[in-house]
There are 2 protein chains.
Amino acid sequence: MSVHHEAGGTPVVDEQERWARAAWSALAEPGDVVAGALLAQLGAVQAWQWVVDSAAGLVDVPARAAPTGDAPARLVRAVERWAPRMTRLAAEGWSVHRPPPNGVSHVRVLVPGDREWPAGLDDLGAAAPACLWVRGDPAAARWPSTGRARTAALVGARAATAYGERVAIDLAAGLVDAGFVVVSGGAYGVDAAAHRGALASGGRTLVVVAGGVDRAYPAGNVRLIEEAVASGGAVVGEVPPGSLPTRSRFLQRNRLIAALGAATVVVEAAWRSGALSTANHAARLNRPVGAVPGPVTSMASAGCHRLLREGVATCVTDAAEVVELAGALGADLAPEPRVAARGLDGVDALGRRVHDALGTRTARPTAEVARVAGVTTAEAIEALGSLELAGLARHEGSGWRAEGVT
Amino acid sequence: MSVHHEAGGTPVVDEQERWARAAWSALAEPGDVVAGALLAQLGAVQAWQWVVDSAAGLVDVPARAAPTGDAPARLVRAVERWAPRMTRLAAEGWSVHRPPPNGVSHVRVLVPGDREWPAGLDDLGAAAPACLWVRGDPAAARWPSTGRARTAALVGARAATAYGERVAIDLAAGLVDAGFVVVSGGAYGVDAAAHRGALASGGRTLVVVAGGVDRAYPAGNVRLIEEAVASGGAVVGEVPPGSLPTRSRFLQRNRLIAALGAATVVVEAAWRSGALSTANHAARLNRPVGAVPGPVTSMASAGCHRLLREGVATCVTDAAEVVELAGALGADLAPEPRVAARGLDGVDALGRRVHDALGTRTARPTAEVARVAGVTTAEAIEALGSLELAGLARHEGSGWRAEGVT
């Protein structure tokens, strides 16, 4: 048995509770809120025993419904769907009295109470995962709540365009430079570009998978995912090693990505796309959501524009704006792009009007300047003085001419 | 004298008032709110006489300040800036007793009260133009308030990209198809593309100029502007024929575009751009503002993204969304893009989970499907029935296999 049961040096969680949560992660499908409510109410060990007894007919399910406040019928259905699987799990050796039987080297089981447990997952309530299976540095998954490092999720279409991949790489690199860990789903397209951009900048990245953390998926990203682990990041998932990434697990996985990122940004997404489900999960968690705009002629950006139109997402165009989105309120305001100051920037309306009235070749008397500008002579004199100081007007003979701006 | 003084067949406005407003359009610079307040309070004829008397020292300006509620000092300054110009205008023959001396064939003077007066301009309050000089069909400027036709302003960068020009043409064509008149500023780039797209689709377009309507500006767009007039549209401006389009008049012109469009859409704009001033004018008028997204790597879209980020504009990606923006609330909802329905669209979460548990090659017994899916047998049977009806599962021997989706 090579699964590590403690998180860090100081185990603070009862080992039976950890084993029970690992077993629950094998029993209930991701996002099973009946399981989540039972775990919260009874603790994982007692909840497991309750299912064992219920399945064996030792307890009457409706009579035991009260603890979670769930409708008895829901609990009955839940026991009915857990029972067949529990029989198989018991045969495989899953138990609250023993470590998980499917141990894989270098895989840890994080549970609530561990120092490395990402507190952001608790926002999922009853839909929170029973535990987190982690390959790599368990601390890499700790955000978004603690420590100085923060997380941002970058997600998007598998069928990304060159534009989308380029933007994902740039955003990830910029986020790493700002001290962020980049969270994504390890898929082709935007996900892979996000991980790659983070690694290329020497940063850490978190790969949230739908199946077991021992299975790199998709196969084409195996090397990338291993590099993420080797570079101080981690692969995390909520189903035990060996589990398949089914379609419904992919959909549930999106809520983990949303909960693990301080903000979620959709880089490219078609009108219907799994990335939109991640964005909507983040919005429901009251996490900031960003969308990267793209050409309206690109179907790969249609989902991003949809999020902008529906008010789900804020428009983000560079890493600084993602940092602002993910950062503490007001602490990380994106700087205004630096634009070379133009000649008349900083000149007030009166000054501009007077400047308009100047010729560039011949000087005009002040009174004529005032008349052409439609201002009083006093206003013209005042404005001409300021313009002269700014190098925008020159006194010549008895008049004035424009200077410095073409 | 070839200026037409009546609007339509039924003159409802006193001719002296029309002449006086034409004279005021020559006297006060666009957006002069002191002039606007005087006109509103005294009427154009009396307001003109008041300036004549004040400039001549016949009346004491501060003593006459009360009517507009303006600070006396502001009125004194206004008279000081108007007086030099008034002397010149009087010499040229401008008077409340005569038609304007600068008559140009086929140019009309529209004033409030005319049937063709665009009521939308009244929203500008004291900054409303004294009159509107119109070359072309005066009715082309009547919107956004009356009749079945509506207006939308499409504006943007002179330095547009091929993308921006293409989108402007497409939006204008789609707006024409929806019965809209396209309003823009006649400049190079996005403006020209918007006018061109409207004309190419057989529509009408309104060119709002910063100088006199007799001066096609810029020179390279002369043919386009003449085509707009010849195709039932119009060139409109607030300064008399012969006036120069100065920089401050360009800025003030933007408020006219915003007031003449039921909505304003920025197609492409740099971080600093006159088009943003038009958008902000529209927002201040409580008119809907749209911005077309583009690649974040394109500086020509930076201003659009800025408007989206600042919440000034709604993201618009096609003409239907502009129609929705400009249209009556709820009357013109943009249709969702048609996407070919995929196999599992419309299948609920239970159905998807059960479908995931099916093999595509070999049939599985129902109980095994239920266990793999983590659902009860009853749920599996129910879901399999629905999937079979949808052509997504097939009963074979004693089990089930997936069908129709790869």
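A note on names: the letters A, B, ... follow the listed sequences, proteins ahead of strands, and every chain is numbered from 1. In this text, all values refer to a predicted model and were calculated from it rather than measured experimentally.
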Heavy-atom pairs under 4.5 Å with chain B, option from A:Thr246, A:Val296, A:Val292 with the top count | A:Val296

Could you have a look at A:Arg77, A:Glu80, A:Arg352 and say which one has the most heavy-atom pairs with chain B under 4.5 angstrom?
->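 Of the candidates given, the most pairs with chain B belong to A:Glu80.
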
Considering only heavy atoms, which portion of B:Arg88 lies under 4.5 Å from any heavy atom of chain A: side chain, backbone, both, or neither?
-> side chain

Does any heavy atom of chain A fall under 4.5 Å from the side chain of B:Thr314, the backbone, both, or neither of them?
->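 The side chain, not the backbone.
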
Any ion pair linking [Y] and [X] (charged N to carboxylate O, less than 4.0 Å)?
{"X": "B:Arg249", "Y": "A:Asp356", "answer": "no"}
{"X": "B:Arg85", "Y": "B:Glu92", "answer": "no"}
{"X": "B:Glu268", "Y": "B:Arg166", "answer": "no"}

Could you tell me which of [options] has the largest number of non-hydrogen atom pairs under 4.5 Å with chain A?
{"options": "B:Leu251, B:Leu27, B:Thr317", "answer": "B:Thr317"}
{"options": "B:Pro295, B:Ala357, B:Ser301", "answer": "B:Pro295"}
{"options": "B:Cys315, B:Pro84, B:Ser248, B:Ala302", "answer": "B:Cys315"}

Give, for atom CG of A:Asp318 and atom CD of A:Glu324, the distance between the pair rounded to the nearest 0.5 Å.
->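 Spacing of CG (A:Asp318) from CD (A:Glu324) equals 9.5 Å.
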
Shortest non-hydrogen contact from B:Leu325 toward B:Pro288 |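 Between these two residues, the closest heavy atoms are O-CG, 3.2 Å.
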
Is there side-chain contact between B:Leu154 and B:Leu175, with heavy atoms separated by less than 4.5 Å?
-> yes

Are side-chain heavy atoms of A:Val33 and A:Arg74 found at a separation under 4.5 Å?
->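 A side-chain contact under 4.5 Å exists here.
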
Taking the six-membered ring of B:Phe250 (Phe, Tyr or Trp), confirm whether the NZ or CZ of B:Arg158 is under 6.0 Å from its centre and within 45° of its axis.
->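 Relative to the ring axis of B:Phe250, which defines the angle, B:Arg158 lies inside both limits.
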
Identify the residues of residues 371-384 of chain B whose heavy atoms come closer than 4.5 Å to a heavy atom of chain A, ordered by number, or report 'none'.
->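 B:Arg371, B:Val372, B:Ala373, B:Gly374, B:Val375, B:Thr376, B:Glu379 fall under the 4.5 Å cut-off.
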
A:Trp94: partners by ring-ring contact (aromatic ring centres under 6.0 Å, His included), with sequence neighbours left out |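 A:Trp94 satisfies ring-ring contact (aromatic ring centres under 6.0 Å, His included) with no other residue.
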
